[in-house]
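Throughout, residue positions are numbered sequentially from 1 according to the sequence presented. Please read these numbers as outputs of a predicted model, since none were measured by experiment. Just so you know, these numbers use all the heavy atoms, side chains as well, and skip hydrogens, waters and symmetry mates.
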Amino acid sequence: RAADLLADDLIKQAFEHIDAEIYRQFRVVHPSDKDGAAYVRQMMYVRDKFEAFFSAAVNDGKIAHMEIEKRKKTLKERVFG
């Protein structure tokens with residue numbers, strides 16, 4: 001399931017869309033616009049951090065654990081396993 005999630009077309013398209021938007025912003029920022037350049041760098045940083053967290057969460061099994069917890073029927077099962 002984890003590998004399927006990382007290979008999912010919707011996830012890939014979302015990252016491609018974000019990358020394209022960051023590149024578009026980068027192209028329109030004038031070199032002397034320090035605030036604009038800082039904004040683009042922040043977007044790149046957040047995008048990279050999100051991807052790293054998402055990939056790690058999927059690969060470490062946190063997503064699978066959350067799925068199991070969600071499927072438990074009672075509060076007692078959630079608390080006491």
Side-chain angles (χ1 to χ4, degrees):
R1 169 122 168 89
D4 292 341
L5 189 58
L6 290 175
D8 185 83
D9 283 338
L10 183 60
I11 301 295
K12 287 181 179 180
Q13 288 176 9
F15 279 112
E16 288 171 4
H17 177 74
I18 292 167
D19 290 340
E21 179 61 21
I22 291 171
Y23 182 70
R24 188 187 71 74
Q25 291 289 330
F26 174 76
R27 290 189 62 201
V28 299
V29 172
H30 193 273
S32 66
D33 182 359
K34 293 182 189 225
D35 290 336
Y39 177 72
V40 173
R41 281 193 305 275
Q42 288 171 354
M43 288 193 314
M44 290 169 52
Y45 175 82
V46 170
R47 181 254 184 249
D48 291 344
K49 286 294 185 180
F50 175 79
E51 183 179 30
F53 172 81
F54 185 76
S55 295
V58 169
N59 290 326
D60 291 346
K62 290 180 184 177
I63 300 294
H65 179 71
M66 288 173 18
E67 281 289 320
I68 291 167
E69 288 297 314
K70 188 167 64 172
R71 291 182 184 187
K72 288 185 178 177
K73 293 185 170 111
T74 67
L75 179 59
K76 182 179 177 184
E77 287 178 326
R78 288 184 200 150
V79 173
F80 298 109

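Residue Q42 holds its CD atom at 9.5 Å from CG of D35, rounded to the nearest 0.5 Å. Between the CZ atom of R41 and the CZ atom of F26 there is a distance of 10.0 Å, given to the nearest 0.5 Å. Put simply, CZ on F54 and CG on L5 are 4.0 Å apart, with the number rounded to the nearest 0.5 Å. One finds the CD1 atom of I18 at 12.0 Å from the CD atom of Q13 (value rounded to the nearest 0.5 Å).
Screening residues 18-30 for salt bridge (Lys or Arg N to Asp or Glu O under 4.0 Å), with sequence neighbours left out, gives D19-R47, E21-R24.
Remark: D48 CG is packed, more than 12 non-hydrogen atoms of other residues, nucleotides or ligands lying under 6.0 Å away.
Applying the side chain to side chain donor-acceptor pair (under 3.5 Å) rule to H30 yields the partners S32; only residues at least two apart in sequence or on another chain are considered.
When hydrophobic clusters are built by joining Ile, Leu, Val, Met, Phe, Trp and Tyr residues whose side-chain heavy atoms come closer than 4.5 Å, directly or via intermediates, I22 is grouped together with Y39. At a threshold of 4.5 Å between side-chain heavy atoms, the hydrophobic network of Ile, Leu, Val, Met, Phe, Trp and Tyr places V46 and F15 in two separate groups.
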